[in-house]
Protein chains: 2
Amino acid sequence: MSRIDPTGKLPPYRQVAEIIAGQIRDGRLRKGERIPSESELIEKYEVSRSTVRRTVAYLRDQGLVETVPTRGTYVL
Amino acid sequence: MSRIDPTGKLPPYRQVAEIIAGQIRDGRLRKGERIPSESELIEKYEVSRSTVRRTVAYLRDQGLVETVPTRGTYVL
DNA sequence: GTGTATTTGTTCGTATGTATC
DNA sequence: CGATACATACGAACAAATACA
């Protein structure tokens with residue numbers, strides 16, 4: 001379990017983003033694959049939905065993923 | 001684009017409030033109508049959410065609008 | 001077909017920490 | 001010190017579209 005550190009240099013939403021970005025880079029998450037849903041990320045990293053949504057928004061801004069409403073977010 | 005002036009006499013939250021109050025007074029925003037969401041105001045006037053929330057709180061205090069949780073803020 | 005669960009979208013409420021003037 | 005402003009975070013409620021039994 002890759003728990004985040006609330007006292008780290010990076011804010012929680014960035015820490016979660018870096019974990020997912022790392023998984024995309026090293027192939028654990030591949031192109032076309034769906035990343036965990038908001039609910040799953042909330043449970044996995046023990047953060048709020050607001051934080052998870054910020055995380056995904058950041059990944060979208062980085063051009064790493066694409067979100068399809070009612071479907072999920074997919075690796076680009 | 002009605003940008004605000006960060007160096008103006010009035011603080012940003014008041015400048016935004018005056019713009020909206022003006023729109024209510026001259027009828028561009030009518031009774032019962034919803035004013036733009038926090039997110040929209042943030043983008044439109046390029047201020048933070050806190051500022052936007054202060055703006056709306058101010059308009060509420062002035063008796064110009066009414067905020068309904070999870071719905072929006074409406075002209076009174 | 002119908003209803004339920006899932007998933008993302010959107011909105012407001014509240015709190016804390018930091019920085020500036 | 002107080003007021004202002006921003007960034008971050010958590011919570012809560014509802015809508016809309018899709019998936020599925």
Side-chain angles (χ1 to χ4, degrees), chain A residues 1-21 23-24 29 31-76, chain B residues 1-21 23-24 29 31-76:
Chain A
M1 188 146 26
S2 21
R3 198 90 105 305
I4 63 156
D5 172 19
T7 68
K9 292 179 177 52
L10 290 176
Y13 84 91
R14 278 293 308 278
Q15 291 184 48
V16 177
E18 290 310 319
I19 290 170
I20 296 172
Q23 291 174 351
I24 292 174
L29 279 173
K31 189 174 298 189
E33 224 176 331
R34 210 203 69 173
I35 72 172
S37 70
E38 292 180 358
S39 298
E40 291 167 333
L41 293 176
I42 289 166
E43 282 203 9
K44 190 166 199 169
Y45 300 107
E46 299 177 25
V47 290
S48 72
R49 191 184 173 200
S50 308
T51 298
V52 159
R53 287 190 59 75
R54 270 182 180 270
T55 293
V56 175
Y58 177 80
L59 293 171
R60 270 198 304 271
D61 290 345
Q62 297 299 304
L64 290 175
V65 302
E66 173 190 36
T67 296
V68 183
T70 81
R71 280 282 170 69
T73 296
Y74 301 84
V75 180
L76 286 174
Chain B
M1 205 186 332
S2 23
R3 191 93 108 307
I4 63 157
D5 173 19
T7 68
K9 294 176 178 43
L10 289 176
Y13 84 93
R14 279 293 308 277
Q15 291 184 47
V16 177
E18 289 311 318
I19 290 170
I20 295 172
Q23 291 175 351
I24 292 173
L29 279 173
K31 188 174 301 189
E33 242 182 321
R34 212 202 67 174
I35 71 172
S37 71
E38 291 184 355
S39 298
E40 290 168 332
L41 294 175
I42 288 167
E43 282 203 9
K44 189 167 199 169
Y45 300 108
E46 299 178 29
V47 291
S48 76
R49 185 172 180 197
S50 304
T51 298
V52 158
R53 287 192 57 70
R54 274 177 187 271
T55 293
V56 176
Y58 177 81
L59 293 170
R60 269 198 304 270
D61 291 345
Q62 296 298 305
L64 291 175
V65 302
E66 172 188 41
T67 296
V68 182
T70 82
R71 305 299 304 211
T73 295
Y74 301 84
V75 179
L76 286 173

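Letters go in sequence order (proteins before strands), and every chain restarts at 1. The analysis underlying the following values was restricted to heavy atoms, covering all of them including side chains, and did not include hydrogens, waters or symmetry mates.
- Judged by closest nucleotide on DNA chain D, B/Arg14 is the one of A/Ser48 and B/Arg14 placed further toward the 5' end.
- Between A/Ala21 and A/Leu64 the shortest heavy-atom distance is CB-CD1, 3.8 Å.
- Residue A/Tyr74 forms a side chain to side chain contact (heavy atoms under 4.5 Å, CB included) with just one option from A/Val68, A/Thr67, A/Val65, and that option is A/Val68.
- B/Tyr58 is listed as a side-chain neighbour of B/Gln62, based on a closest heavy-atom distance under 4.5 Å.
- Where DNA chain C meets chain A (any atom under 4.0 Å from a heavy atom), the bounding nucleotides read 5' to 3' are C/dT7 to C/dT10.
- Rounded to an integer number of Å, the gap from A/Glu38 CD to D/dG11 P is 14 Å.
- At the heavy-atom level, B/Ser37 lies under 4.0 Å from the strands shown only through sugar-phosphate atoms.
- A/Ser39 comes within contact range of no nucleotide atom at all, as no heavy-atom separation falls under 4.0 Å.
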- Query: Going through the checks in order, is the side-chain contact (heavy atoms from CB on, under 4.5 Å) test met by A/Tyr45 and A/Thr51?
  - Reply: CA-CA 10 Å; A/Tyr45 300 107; A/Thr51 298; over 6 Å; no
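- Mapping B/Thr70 and B/Val47 onto DNA chain D by nearest heavy atom places B/Val47 closer to the 5' end of the strand.
- Residue A/Arg49 has no polar side-chain atom (N or O) positioned under 4.0 Å from OP1 or OP2 of D/dG11.
- Under the side chain to side chain contact (heavy atoms under 4.5 Å, CB included) criterion, B/Glu43 pairs with no residue, sequence neighbours left out.
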- Message: The test is side-chain contact (heavy atoms from CB on, under 4.5 Å); show your working for B/Val52 and B/Val16 and say whether it passes.
- Response: CA-CA 8 Å; B/Val52 158; B/Val16 177; 5.8 Å; no
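- For the pair A/Thr55 (side chain) and A/Tyr13 (backbone), a donor-acceptor distance under 3.5 Å is present.
- Of all nucleotides listed (D/dG11, D/dT8, D/dT4), D/dT4 comes nearest to the side chain of B/Arg54.
- Atom C1' of nucleotide D/dT4 and atom CZ of B/Arg53 are separated by 16 Å, given to the nearest angstrom.
- Atom CD of A/Glu46 and atom P of D/dC10 are 11 Å apart (whole Å).
- When the P atom of D/dT18 is taken as reference, atom CZ of A/Arg34 falls 16 Å away, rounded to whole Å.
- Atom-to-atom, CZ of B/Arg71 to C1' of D/dA12 comes out at 14 Å; the value is rounded to the nearest Å.
- Put simply, OH on A/Tyr45 is 20 Å from P on D/dT8, counting in whole angstrom units.
- Not one side-chain nitrogen or oxygen of B/Tyr13 sits closer than 4.0 Å to the OP1 or OP2 atom of D/dA5.
- Within 4.0 Å (heavy atoms only), A/Ser50 reaches at least one base atom of the nucleic acid.
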